Amino acid sequence: MADNLKPVPGLPDKFLKPYDSVGTEDRVYEAWEKSGFFNPDNLKLPSDAKPFSMVLPPPNVTGQLHMGSAMMLAIEDVLTRYKRLRGYRALWLPGTDHAAIATQVVVEKKIQKEEGKSRYDLGREELLRRIGTHVSETHDVIIKQMRKMGASLDWSREAFTLDEPRNLAVRTAFKRMYDDGLIYRGYRVVNWDPKGQTTISDDEIEYETRKTKLYTFKYAAHIPISISTTRPETKLGDTAIAVHPDDPRYQALIGQEFEATFAGEPIKLKVIADQAVEKDFGTGALGVTPAHSMIDWEMAERHHLPLKPVINEYGKMIVGQEGVRDKKTTEAREAVVAWLKENGLLEKEEEIEHNVSLAQRTGGLIEPLPKLQWFVAVNKPFKLKHSSIPGLVAGTETTLKEMMKLAVASGETSIIPDRFQKIYFNWIENLRDWCVSRQIWYGHRVPVWYRGQEVHCDLIAPDGEGWRQDEDTLDTWFSSGLWTFSTLGWPDEAAFEKMRQYHPTTVLETGSDLIFFWVARMILMTTYLLGEVPFRTVYMHGLVRDNKGRKISKSLGNNIDPLDMIAKYGADAVRMSLIVGVGPGSESKIDEQKIKAYKLFANKIWNITRFILTNTADFKKAQSPVIDWRNIENQEAYPSRKIHLAWLQEFESTLQDITTDMENFRFYLAAEKLYHYTWHTLADKILEESKPMFSSNNPLEKAATQDLLLSILTRLTIALHPFMPFITEEIWSALPGNDQSLLMVQHWPE
RNA sequence: GCGCGCUUAGCUCAGUUGGUAGAGCAUCGUCUUGACGUGACGAGGGUCGUAGGUUCGAAUCCUGCAGCGCGCACCA
């Protein structure tokens with residue numbers, strides 16, 4: 001017990017008490033920051049030191065630290081600290097993400113709740129001002145939280161996805177793509193979120209299985225084909241009936257045209273044959289609504305069918321009879337069904353399960369609508385200007401999709417775990433043009449100006465009167481896609497040149513849910529703009545769930561706040577609990593018991609240190625001649641030599657094993673081995689066996705034990721540092737001869 | 001429909017290239033031994049989802065099946 005402990009000469013008093021994370025962590029972090037070593041420019045390294053670089057996946061600026069981000073920070077800091085100890089010019093670059101839609105939605109909700117005003121009441125300028133204020137507050141909170149985790153980020157290079165340098169990068173990227181014809185403006189069916197009043201990309205849709213009614217009916221008595229639909233109200237916009245080309249039932253009708261009045265709306269239908277129709281679904285015939293279905297729109301393109309919008313941005317009908325027109329789609333649906341019944345056209349009404357599309361951010365029911373939007377053409381051939389990617393020759397034709405595929409297929413970028421590679425390829429196969437314009441106000445404004453029929457894309461507004469800039473902003477992932485190099489100075493040639501050694505970045509570590517949103521978009525942007533990959537290795541971590549395996553969500557209220565855990569158990573314990581046993585890409589459960597176990601471990605390390613320091617207080621290596629105990633073979637003078645050699649051998653082979661794990665991204669194994677060695681070998685075996693040696697009156701025996709245990713402790717402290725930086729740094733300062741140096745810049749033991 | 005993952009001790013999960021199973025927590029027993037009771041020592045507990053195959057040998061490789069989960073597509 002603490003009160004039994006007597007002060008030992010040479011042992012700092014803090015070792016007379018259990019390890020105090022609260023009283024240690026902030027002080028240690030301050031010392032690190034003051035040293036400047038988070039910035040690789042300040043590391044004292046030979047000029048040929050290899051660079052290591054990694055960007056922090058910028059957290060949403062309005063977000064709070066959650067266990068997922070805590071895990072991300074823990075893994076990335078382990079990597080960075082390890083590389084720094086290995087003598088790399090280690091750069092871990094921080095930033096925050098403006099997260100366009102997400103942020104605007106948060107602030108809009110807040111204003112709506114507090115003042116009952118919508119964004120339209122405030123106007124663009126005022127809303128942006130409000131968001132700016134909100135963001136600067138939340139920014140400081142999240143940055144502070146990252147420091148609490150011990151993240152050794154180079155704060156001097158902190159970036160924001162919406163700051164001026166990043167905005168220039170975005171405009172530059174947009175213009176280059178525009179000039180190459182890879183960005184175009186087109187009137188196409190897009191995913192419209194009526195709730196958020198904006199378009200969203202295919203990846204921002206979530207699917208939910210719901211029960212709904214499938215109606216089978218005829219458009220009119222004289223039209224001989226019945227069709228099935230879950231959305232009768234959209235049928236006012238039908239311009240064709242599609243059947244499978246091989247379906248014998250409808251052969252004679254293909255090519256025929258019919259006219260009718262459907263729920264008050266005149267319609268004109270052509271019977272077409274298309275492979276996309278499934279013979280066995282419903283009646284085998286399908287009403288084609290080019291304006292309100294992505295699939296139908298594609299079919300309409302193939303058959304040159306007219307586009308007929310019948311629903312507006314607010315999800316209301318713009319055509320139809322009384323009770324349909326101006327009504328919301330759900331109301332209109334009932335009215336149309338009633339009309340079908342009245343006219344004896346409804347044949348069947350059955351309940352089925354189907355997927356509905358919801359906007360990820362707002363939960364709004366997606367309404368496919370034709371709109372004039374900006375797109376990135378992923379399949380359009382163009383001539384690549386530069387390339388360092390094998391298989392991609394500068395000056396030859398390629399497509400963005402092809403480049404994205406090759407970047408990974410060539411091995412220029414590898415993904416850990418490698419099963420994600422398949423997922424990545426699968427996504428690329430199904431990739432369609434990327435809709436990048438958004439009708440929200442918070443974000444990078446599309447750098448295009450209009451005057452009458454003139455369209456002008458440039459970095460700045462064109463000269464002359466009457467030009468009006470595009471109202472839309474860009475998908476937040478457009479700017480995130482530039483992140484690995486927009487944070488290194490690009491497009492400013494001189495600034496980028498200075499940081500050139502850090503690109504491609506060595507590693508990208510991120511959540512597996514961002515593989516499409518972010519990883520793929522980064523590869524797209526970087527291969528196109530720089531002709532190189534954004535990173536050599538992608539390491540993906542999985543979702544962190546609660547202790548019952550449920551997703552962490554606000555509605556469940558099951559969020560464990562990492563800051564509470566840090567206050568209770570220390571950041572080192574939180575970090576360990578998020579790393580040990582969590583393989584790449586696999587889901588994990590966060591359990592307070594596990595965090596507690598590593599707090600106990602921290603204390604164990606503390607006590608090991610106390611024990612060794614207490615027993616070596618009279619051992620002054622520097623003052624006495626170095627004992628070369630390995631070579632003293634006189635059994636009688638030094639009976640423990642064999643045991644000592646065995647201890648040393650076991651320690652060094654464990655270290656080697658751990659080094660191999662670290663080099664191969666097996667942090668979860670390295671951490672576990674360190675834990676196991678420290679507790680069950682060093683503490684349980686070696687220290688127990690060393691007790692009689694310490695009290696031996698054979699001076700050689702005693703000195704050799706002291707020398708060896710100090711050496712093991714010193715090296716073990718370094719090896720533990722990437723995982724548990726605070727306690728190890730604190731211990732380091734108490735080890736003989738280290739009072740002036742920082743552990744974070746020592747050399748990894750080999 | 002296509003693809004992927006998981007299934008190991010009561011619970012949560014490790015097991016990196018195949019050599020007859022490990023950790024944490026939980027349970028039980030012993031120990032006021034001067035680093036630590038936030039501890040030590042020890043015990044119980046698993047036919048590694050299932051059926052086959054390859055192999056001298058498989059939790060580990062292959063195939064089928066089942067349950068759970070995920071991604072993509074479809075969703076008229």
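To find a chain, count down the sequence lines: A is the first, B the second, and so on, and within it residues start at 1. Since the model is a prediction, treat every value here as computed from it, not as a measurement.
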Enquirer: Determine, using ring centers only, whether A:Y219 and A:F258 are less than 6.0 Å apart.
Expert: no
Enquirer: So does A:Y19 get a backbone contact from the side chain of A:N603, meaning a donor-acceptor N/O pair under 3.5 Å?
Expert: yes
Enquirer: Could you state the atom-to-atom distance from OH of A:Y207 to C1' of B:G69 in whole Å?
Expert: 19 Å
Enquirer: Separation of A:F611 atom CZ from B:G34 atom C1', in whole Å?
Expert: 10 Å
Enquirer: What is the distance, rounded to the nearest whole Å, between atom OH of A:Y598 and atom C1' of B:U12?
Expert: 11 Å
Enquirer: Could you check whether A:N430 gets within reach of a base, just the sugar-phosphate, or nothing at all, counting any heavy atom under 4.0 Å?
Expert: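 Here A:N430 touches the backbone only, sparing every base.
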Enquirer: Counting only side-chain N and O atoms of A:K691, is one of them less than 4.0 Å from OP1 or OP2 of B:A35?
Expert: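 Affirmative; the distance criterion is met.
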Enquirer: Quick check, are the ring centers of A:F667 and A:Y539 under 6.0 angstrom apart?
Expert: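 Judged by ring-centre distance (under 6.0 Å), A:F667 and A:Y539 do meet the cut-off.
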Enquirer: Taking the six-membered ring of A:W748, is the NZ or CZ of A:R715 close enough (under 6.0 Å from the centre) and on axis enough (within 45°)?
Expert: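 No, A:R715 does not lie over the aromatic ring of A:W748.
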Enquirer: Do the side-chain N or O atoms of A:W679 get closer than 4.0 angstrom to the phosphate oxygens (OP1, OP2) of B:C36?
Expert: no
Enquirer: Just call it for A:E278: base, sugar-phosphate, or nothing, with non-hydrogen atoms closer than 4.0 Å on any strand.
Expert: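 Touches a base.
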Enquirer: Without decimals, in angstroms, what is the distance between A:W427 CH2 and B:G71 C1'?
Expert: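 Checked: the CH2 to C1' distance equals 13 Å.
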Enquirer: Are the charged groups of A:E206 and A:R361 less than 4.0 angstrom apart, N to O?
Expert: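 No.
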Enquirer: Could you check whether A:K599 pairs with A:D572 (Lys NZ or Arg NE/NH1/NH2 to Asp/Glu carboxylate O, under 4.0 Å)?
Expert: no
Enquirer: Whole-Å distance between B:C36 P and A:K599 NZ?
Expert: 17 Å
Enquirer: Starting at atom CG of A:D684, determine the distance to atom P of B:C36, rounded to an integer number of angstrom.
Expert: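 Rounded to whole Å, this separation is 14 Å.
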Enquirer: Closer to the 5' end of RNA chain B via nearest nucleotide, is it A:V580 or A:N615?
Expert: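 So the residue in question is A:V580.
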Enquirer: What's A:H680 touching, base or sugar-phosphate or nothing? Going by heavy atoms closer than 4.0 Å.
Expert: sugar-phosphate
Enquirer: Give A:I515 one of three labels, base, sugar-phosphate or nothing, depending on what nucleic acid heavy atoms sit under 4.0 Å from its own.
Expert: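 Touches nothing.
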Enquirer: Quick one: does A:K604 reach the base of B:C36 with a side-chain donor-acceptor pair under 3.5 Å?
Expert: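 In this structure, the two groups form a donor-acceptor pair.
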Enquirer: Touch check for A:A683, heavy atoms < 4.0 angstrom, all strands: base, sugar-phosphate only, or nothing?
Expert: base
Enquirer: A:N426 near the nucleic acid: base, sugar-phosphate alone, or nothing, with a heavy-atom cut-off under 4.0 Å?
Expert: sugar-phosphate
Enquirer: Measure CD1/A:I731 against P/B:A35 and give the value in whole Å, please.
Expert: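 Interatomic distance, CD1 of A:I731 to P of B:A35: 17 Å.
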Enquirer: Would you kindly give the CG-to-C1' distance between A:D661 and B:A14, to the nearest whole Å?
Expert: 12 Å
Enquirer: Which is more 5' along RNA chain B, the nucleotide nearest A:H354 or the one nearest A:D203? Just name the residue.
Expert: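 Result: A:D203.
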Enquirer: Considering every strand and a 4.0 Å limit on heavy-atom distances, what is the contact class for A:T230: base, sugar-phosphate, or nothing?
Expert: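 It contacts sugar-phosphate atoms only.
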Enquirer: Using a heavy-atom cut-off of under 4.0 Å over every strand shown, decide if A:T614 touches base, sugar-phosphate, or nothing.
Expert: nothing
Enquirer: Using a heavy-atom cut-off of under 4.0 Å over every strand shown, decide if A:E688 touches base, sugar-phosphate, or nothing.
Expert: base
Enquirer: OP1, OP2 of B:G15 versus side-chain N and O of A:H676: anything below 4.0 Å?
Expert: no
